[in-house]
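So the structure is just underneath, and the comments pick up after that.
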Amino acid sequence: MKIFWLIPFFLLQDTEAFLIKNAKFNLCLQASPTNRNLLLENCNPESDFQDWFWQGDSLVNHGTQSCLSVSGADRVQTSLCASTGYTSWDCSNSLLSPLGTSQSYLVANRKGVALGDVRGLKAQWQDAADRSVCEEKTAKAGHNRYFPAALTSPQVHEHTAGNAALLLGMDQEQLEELLWFFRREDPSTWNYSVLALSLAAFILGLVLLTINIVRNRKRKIFMSRNTEQTPLQAELDAKKALIPVQEYSPAQPQKQEPVPQNQRPGEVVVQWKDGTLTSLYTGLPEEAI
């Protein structure tokens, strides 16, 4: 929960811009984006040219990043904050007057704004919540004064903590707890933890590197063995292709015995076990018949 209280410390700078509304006309002071003139327009919180913020004693426009300044006797316009004509303003009772003078004030009229000695509603300026623009300056000054001191000082003074708590909307106890949480002076535990994590990450990296190197070596050895076996296999296949076909053909049939030359056509000859050949039919020759 403490981290949520830290957010306002960093977001407060972005919420300092406010509208400057005239109490008489209910129109807001707007810087012209094309020239240095000032206009009174209907209030539009989303317009950057109607957003103003205090920077010291200067009023800076958020849209043009220029300062509200006095030109001539009674003319008011915007100018570069680093220029010599830039003006600081004193704010009291919703009245804006150039710093160092107490007889002229920023007054609204139908044409725009100018300096005048009027102290009525035309010279009173408020924000969108109808609060005096002087309260915005006080709040900004309190923020710039108390927050850095409260966050860096090892001692919390009652006055400082009270103003900071009022600005953030926190009570005294919550602010003291927040300051104590972010004001620890002994970072040894955190340093040792980071050192241990760094060492563990280093060791894990070495282990992973070693495993990777071993696997790469095994893969290279396996690939080299396959490369050596490939030519031998190809040579064996070539030798098998050159083997004569006769070795794989079935057995040739036995050669038949030649027919005796004195055997006559149509005569039946019988071969006995002892190898002798005799004619099956014996008879007289045809001439004798």
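Given the structure is predicted, the values throughout are model-derived calculations rather than measurements.
- Hydrophobic side-chain contacts under 4.5 Å tie Leu197 to no other Ile, Leu, Val, Met, Phe, Trp or Tyr residue.
- In this structure Ser193 satisfies the side chain to side chain donor-acceptor pair (under 3.5 Å) test with no other residue, sequence neighbours excluded.
- In Asn216, the CG atom is crowded: over 12 heavy atoms of neighbouring residues, nucleotides or ligands sit closer than 6.0 Å.
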side-chain contact (heavy atoms from CB on, under 4.5 Å) assessment of Leu68 paired with Val76: CA-CA 7 Å; Leu68 185 67; Val76 182; 3.6 Å; yes

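- When all heavy atoms of Cys67 and Ser58 are compared, the closest pair comes out as SG-CB, 4.2 Å.
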Check step by step if side-chain contact (heavy atoms from CB on, under 4.5 Å) holds for Leu95 and Asp90. CA-CA 8 Å; Leu95 301 175; Asp90 185 19; over 6 Å; no

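- Shown here for Asp57 and Leu99, the closest heavy-atom pair between the two residues is OD2-CD2, 3.9 Å.
- Considering all non-hydrogen atoms of both residues, Gly63 and Asn61 come closest at N-OD1, 2.9 Å.
- Judged purely by atom type and a 3.5 angstrom limit, Trp125 uses its side chain to pair as donor or acceptor with the backbone of Leu106.
- With sequence neighbours left out, Asp274 forms a side-chain contact (heavy atoms from CB on, under 4.5 Å) with Trp272, Thr276.
- Taking each heavy atom of Val70 and Thr87 in turn, the nearest pair found is N-OG1, 3.1 Å.
- Closest non-hydrogen pair, Gly56 versus Lys137, comes out as O-CE, 3.9 Å.
- Residue pairs meeting the salt bridge (charged side-chain N to carboxylate O under 4.0 Å, His left out) criterion with at least one member in residues 191-220, sequence neighbours excluded, do not occur.
- Shown here for Ala123 and Val118, the closest heavy-atom pair between the two residues is CB-O, 3.2 Å.
- The closest side-chain donor-acceptor pair between Ser79 and Ser69 falls under 3.5 angstrom.
- Remark: Ala201 pairs with no residue by the side-chain contact (heavy atoms from CB on, under 4.5 Å) rule, at least two apart or across chains.
- Considering only residues two or more places apart in sequence or on other chains, Asp127 meets the side chain to side chain donor-acceptor pair (under 3.5 Å) condition with Arg131.
- Its side chain within the 4.5 Å cluster rule, Phe53 clusters with Val60 among the Ile, Leu, Val, Met, Phe, Trp and Tyr residues.
- Cys134 pairs by the side-chain contact (heavy atoms from CB on, under 4.5 Å) definition with Cys91, Ser132, not counting sequence neighbours.
- Applying the 4.5 Å side-chain rule to ILVMFWY residues, one finds Leu208 in the same cluster as Leu204.
- For residues 17-28, the set of pairs meeting the salt bridge (charged side-chain N to carboxylate O under 4.0 Å, His left out) definition, not counting sequence neighbours, comprises Lys21-Asp130.
- Counting only distance, with no hydrogens or angles, the side chain of Ser47 and the backbone of Asn44 share no donor-acceptor pair below 3.5 Å.
- Side chains of Gln30 and Glu41: no donor on one and acceptor on the other come within 3.5 Å.
- Checked against side-chain contact (heavy atoms from CB on, under 4.5 Å), Asp74 has the following partners two or more places apart in sequence or in another chain: Leu115.
- Here Asn35 pairs with Ser32, Asn37 under the side chain to side chain donor-acceptor pair (under 3.5 Å) rule; sequence neighbours left out.
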